[in-house]
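I have placed the structure first, in the form of structure tokens, so that the comments after it can refer back to it.
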2 protein chains.
Amino acid sequence: MKHEDSHQHSQQDSHQHSHHNHNDCIDTALETAETLCAEQGQRLTKVRRRALELIWESHRPLGAYQLLAKLAEEGFNSAPPTVYRALDFLLGAGLIHKVESMNAYLGCAHADKAHKGYFLICDECHNVMEFDYQDIHAALIEKAAHQGFELRAETIELTGLCAKCKAKKVGASA
Amino acid sequence: MKHEDSHQHSQQDSHQHSHHNHNDCIDTALETAETLCAEQGQRLTKVRRRALELIWESHRPLGAYQLLAKLAEEGFNSAPPTVYRALDFLLGAGLIHKVESMNAYLGCAHADKAHKGYFLICDECHNVMEFDYQDIHAALIEKAAHQGFELRAETIELTGLCAKCKAKKVGASA
DNA sequence: ACAATTTTGTTATGATATAACAAGTAAAAC
DNA sequence: GTTTTACTTGTTATATCATAACAAAATTGT
């Protein structure tokens with residue numbers, strides 16, 4: 001196993017965990033975003049920046065219209081193109097991912113690393129964990145190449161039961 | 001590698017290939033569908049059967065409203081619920097897959113085998129190949145379990161350039 | 001035939017996303 | 001420092017994907 005790492009993006013509530021202060025995550029993500037945009041001559045404008053923050057503040061993947069509502073509350077323009085433009089920008093910059101099976105958007109924890117989003121999605125609590133698994137990535141590239149296919153992007157979304165919800169179920173039936 | 005197999009679901013046109021008669025595919029798929037439904041006491045009604053056929057006849061994943069239009073041409077009811085009900089049934093029976101990143105539906109080549117759909121999607125021609133890769137499946141289960149996650153379903157959609165389109169590009173630039 | 005179940009018809013609406021063009025704003029060129 | 005250019009945002013309208021709710025019809029079991 002060359003490299004493997006994972007990151008719990010979401011949490012049950014807004015309180016701080018003993019092992020995970022989500023506010024730090026947001027701060028780091030925003031700093032990374034600033035840096036990346038600066039490096040690439042991209043403009044992280046007010047709406048774009050605030051959209052990214054709001055996506056990070058959410059504990060689960062955020063729908064476009066949910067995000068739009070939050071932005072509208074803060075006085076931003078409340079027509080759909082506003083939010084979709086921001087989302088397009090952030091997706092293009094690799095700062096967020098789209099979870100295709102949920103039509104929702106999630107802050108990317110490894111924006112600086114150039115990667116694909118691999119997700120574990122809990123059917124019960126709808127929390128999403130992003131993970132990065134080089135072995136699988138390599139295997140997929142090889143598998144695709146074997147069929148003459150040149151891989152560009154990967155959508156890997158796994159659903160099931162997360163550890164917490166599994167524990168809760170066992171407790172309930174006991 | 002324990003098991004690996006793939007199947008080219010789509011083709012450029014409706015003519016027969018030297019190595020692939022798509023009509024045979026459709027026939028086989030429909031027979032399998034009949035058998036499976038009979039075994040499980042499920043009713044493969046007219047709309048459902050015709051929907052499945054139409055999905056198979058399409059050379060690419062078919063959108064719900066595209067399917068609806070085809071059904072309407074043939075005198076079936078042309079309101080959305082008709083097609084979504086048929087799709088729900090076929091999805092539930094494992095006879096088709098939904099390609100999440102395209103919001104489109106594709107005949108399942110291994111309906112009898114109980115599996116997840118892994119797809120290679122060409123950005124150029126939009127053809128889709130389904131493949132089945134036990135090594136990756138096993139690795140994903142293990143990886144998820146390692147994080148206490150109980151895997152139930154997998155959405156694996158890989159995009160890029162298929163062999164044909166790659167060849168075409170090389171030819172064009174030469 | 002009757003009741004129970006499932007499937008389909010029908011109307012309406014919700015949810016997700018983009019087209020097209022005008023107006024504003026920041027960056028670059030002069 | 002104004003003009004030109006490119007980019008970003010505002011605004012209206014509409015396309016696309018999907019489901020809720022309830023009535024009618026068909027199928028199945030008794």
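Given the structure is predicted, the values throughout are model-derived calculations rather than measurements. In what follows, every chain begins at residue 1, and chains take the letters A, B, ... in the order their sequences are listed.
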Query raised in the report: Atom CG of B:D88 and atom P of C:dT7: how far apart are they, to the nearest Å?
Result: 12 Å
Requested in this report: Answer yes when A:E124 and A:K169 have at least one side-chain N-carboxylate O distance shorter than 4.0 Å, and no when they do not.
Outcome: yes
Query raised in the report: For C:dT18, does either OP1 or OP2 sit under 4.0 Å from a side-chain N or O belonging to A:R85?
Result: no
**Report entry** Separation of D:dA18 P from B:E100 CD (nearest whole Å)
**Finding:** 8 Å
Query raised in the report: Which class fits the ring pair B:H97 and B:F119: parallel under 30°, tilted 30 to 60°, perpendicular over 60°?
Result: perpendicular
Requested in this report: Ignoring backbone atoms, establish whether A:N103 has a side-chain N or O less than 4.0 Å from OP1 or OP2 of C:dA17.
Outcome: yes
Requested in this report: Figure out the CZ/C1' separation between B:R48 and D:dA26, and round it to whole Å.
Outcome: 12 Å
**Report entry** Under-3.5 Å donor-acceptor pair between B:Y65 side chain and D:dA18 base
**Finding:** yes
Query raised in the report: When you check the phosphate oxygens OP1 and OP2 of D:dA6, does a side-chain N or O of A:R43 lie under 4.0 Å from one of them?
Result: no
Query raised in the report: Using the ring of each side chain (for Trp, its six-membered ring), is B:Y84 parallel, tilted or perpendicular to B:Y65, with breaks at 30° and 60°?
Result: perpendicular
**Report entry** Among C:dA17, C:dT18, C:dT10, the one nearest B:A79 by side-chain distance
**Finding:** C:dT10
Query - Gap between atoms CZ and C1', on B:F89 and C:dT8 respectively (whole Å) - result: 14 Å
Query - Validation row: B:K143, A:Y118 side chains within 4.5 angstrom (heavy atoms) - result: no
**Report entry** C:dT8 OP1/OP2 closer than 4.0 Å to side-chain N/O of B:N77
**Finding:** no
Query - A:R43 backbone acceptor or donor facing A:R48 side chain under 3.5 Å - result: yes
Query - Minimum-distance nucleotide to B:T82 side chain [options: C:dT10, C:dA17, D:dA18] - result: C:dT10
Report summary line: note: B:K46, atom NZ; D:dA25, atom P; distance rounded to Å ~ 17 Å
Query raised in the report: Rounded to the Å, how far apart are B:L87 CG and C:dT8 P?
Result: 13 Å
Query raised in the report: For the pair made of CG in A:L68 and C1' in C:dA15, what is the distance, rounded to whole Å?
Result: 13 Å
Report task. Please state whether the phosphate of C:dA17, meaning OP1 or OP2, lies under 4.0 angstrom from any side-chain nitrogen or oxygen of A:Y84. Result -> yes
Query raised in the report: When you check the phosphate oxygens OP1 and OP2 of C:dT16, does a side-chain N or O of A:K98 lie under 4.0 Å from one of them?
Result: no
Report task. Could you check how far CZ of B:F76 sits from C1' of D:dA26, rounded to whole Å? Result -> 15 Å
